[in-house]
Enquirer: 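Pasting a structure here, questions to come.
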Amino acid sequence: MTDDNITKLPIKFKAPPSDDGPMLKIVDRYDRNSCNHSRSYVNGRQVNAKYLIREGETEVECSLCEAKLDPMFVLRRLAHEETQWERSRKTYHEEMARLKERKATKCEHCSKMTRISRR
């Protein structure tokens, strides 16, 4: 085969990536020495963050590190915690309803079914 039958297409190829390093760098926000604005360890105890809101300001302050936070970040964090709490509450109520319907349980000692008293 000869090169006479080949027609070159007018395509420009992208330049290869440079060796400068990444444009974006992911920072580990769970570094032990930095605040994650949720909870922290002080003297070996876990301490939950409180959010300080000043009326008329557009930022929220973290009580652990005193950093100014975006209100949407705080709202998202609080909504996530409330969702977790609501799921736990729902699971608890479902388990209590299931246990309330039980009439007997298996004895750990004799392995026989024993009635549950409802006093």
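Keep in mind that the numbers below use all heavy atoms, side chains included, and drop hydrogens, waters and symmetry copies. We count residues from 1, following the sequence as given.
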Enquirer: Just do the side chain to side chain contact (heavy atoms under 4.5 Å, CB included) check on E61 and E66 with the steps written out, would you?
Expert: CA-CA 6 Å; E61 189 175 315; E66 299 178 356; 3.8 Å; yes
Enquirer: Test your reading of the model: is there a side-chain donor-acceptor pair from N43 to the backbone of R45, 3.5 Å cut-off?
Expert: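 Side chain of N43 to backbone of R45, a donor-acceptor pair under 3.5 Å: no, none is there.
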Enquirer: Indicate, with yes or no, if V74 and I53 share a hydrophobic cluster defined by side-chain heavy-atom contacts under 4.5 Å among Ile, Leu, Val, Met, Phe, Trp and Tyr.
Expert: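 Yes, I53 and V74 fall within the same hydrophobic cluster.
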Enquirer: Tell me whether E108 at atom CD has more than 12 heavy atoms from other residues, nucleotides or ligands lying less than 6.0 Å away.
Expert: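 At most 12 heavy atoms, drawn from other residues, nucleotides or ligands, come within 6.0 Å of this atom.
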Enquirer: Would the number of heavy atoms belonging to other residues, nucleotides or ligands and lying under 6.0 Å from NZ of K112 be above 12?
Expert: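 Check fails, neighbour count at 12 or below.
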Enquirer: Atom CG of L75 and atom CG of L69: how far apart are they, to the nearest 0.5 Å?
Expert: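 Answer for the CG-CG pair, L75 versus L69, is 12.5 Å.
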Enquirer: Tell me whether R87 at atom CZ has more than 12 heavy atoms from other residues, nucleotides or ligands lying less than 6.0 Å away.
Expert: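 Not buried by this count: 12 neighbours or fewer within 6.0 Å.
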Enquirer: Roughly how far, to the nearest 0.5 Å, is CD of E81 from CD of Q84?
Expert: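 Reported value, rounded in 0.5 Å steps: 7.0 Å.
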Enquirer: Taking atom CD as the centre, does E82 end up with more than 12 heavy-atom neighbours from other residues, nucleotides or ligands that are less than 6.0 angstrom away?
Expert: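 Open: at most 12 neighbouring heavy atoms sit under 6.0 Å from CD of E82.
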Enquirer: Same cluster for V60 and L78 if Ile/Leu/Val/Met/Phe/Trp/Tyr side chains link at under 4.5 Å?
Expert: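 Yes.
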Enquirer: Given side chains that start at C-beta, do those of S111 and K106 come closer than 4.5 Å, heavy atoms only?
Expert: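 In contact.
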Enquirer: Side chains of R102 and R98: closer than 4.5 Å at any heavy-atom pair?
Expert: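 Yes, side chains in contact.
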Enquirer: For residues N36 and R77, report the shortest heavy-atom separation together with the two atoms involved.
Expert: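 Heavy atoms only, the tightest pair is O-NH1, 3.4 Å.
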Enquirer: Would you give the length of the straight line joining atom CD of E55 to atom CD of E57, rounded to the nearest 0.5 angstrom?
Expert: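 Separation between the atoms: 10.5 Å.
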Enquirer: Any donor and acceptor pair, going by atom type alone, linking the side chain of Y51 with main-chain N or O of H37 inside 3.5 Å?
Expert: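 Present.
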Enquirer: If you draw a 6.0 Å radius around CE in M72, do more than 12 non-hydrogen atoms from other residues or ligands fall strictly inside?
Expert: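 Open.
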Enquirer: Rounded to the nearest 0.5 Å, what's the gap from CZ on F73 to OG on S38? Could you check?
Expert: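 Result: 7.5 Å between the selected atoms.
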Enquirer: For residues E59 and R54, determine if any side-chain heavy atom of one lies less than 4.5 Å from a side-chain heavy atom of the other.
Expert: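 Heavy-atom side-chain distance check fails, nothing below 4.5 Å.
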